Amino acid sequence: MTEITVRAADSSLAMEEIQKKLGDDAYIVSTRKTGGQIEIVATDDHAAFTKKEKPFVLEGDYNSL
């Protein structure tokens with residue numbers, strides 16, 4: 001698994017760098033703004049995004065809590 005962190009002036013430049021390093025099938029792990037720049041963490045590991053658990057489902061009237 002390859003995981004990289006890219007910082008750039010904007011998301012377009014960051015995504016270009018991710019595409020160069022990981023290719024068109026890269027997965028975005030996280031995105032945040034820090035120090036006036038965009039920071040994107042990306043990986044090429046598909047297995048990291050495969051759901052292994054059943055989704056959590058709220059039952060009943062949870063809005064009345």
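Keep in mind that this is a model prediction, so the values were computed, not measured.
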- prompt: Which residue pairs pass the salt bridge (Lys or Arg N to Asp or Glu O under 4.0 Å) test when at least one of the two sits in residues 24-40, sequence neighbours left out?
  reply: Arg7-Glu39, Arg32-Glu39

- request: Determine the sole option in Thr5, Val41, Ile40 for which the side-chain contact (heavy atoms from CB on, under 4.5 Å) test with Ser30 is passed.
  value: Val41

field: Point-to-point distance, once rounded to the nearest 0.5 Å, from CD1 of Ile18 to OG1 of Thr43
entry: 10.5 Å

message: Quick check: closest heavy atoms across Leu13 and Ala8, and the distance to 0.1 Å?
response: CB-CB, 3.9 Å

message: Could you tell me if the side chain of Met15 sits less than 4.5 Å from the side chain of Ile28, heavy atoms only?
response: yes

field: Taking every non-hydrogen atom, the tightest pair across Thr2 and Asp44
entry: N-OD1, 3.1 Å

- prompt: Between Glu17 and Lys21, is the closest basic N to carboxylate O distance under 4.0 Å?
  reply: yes

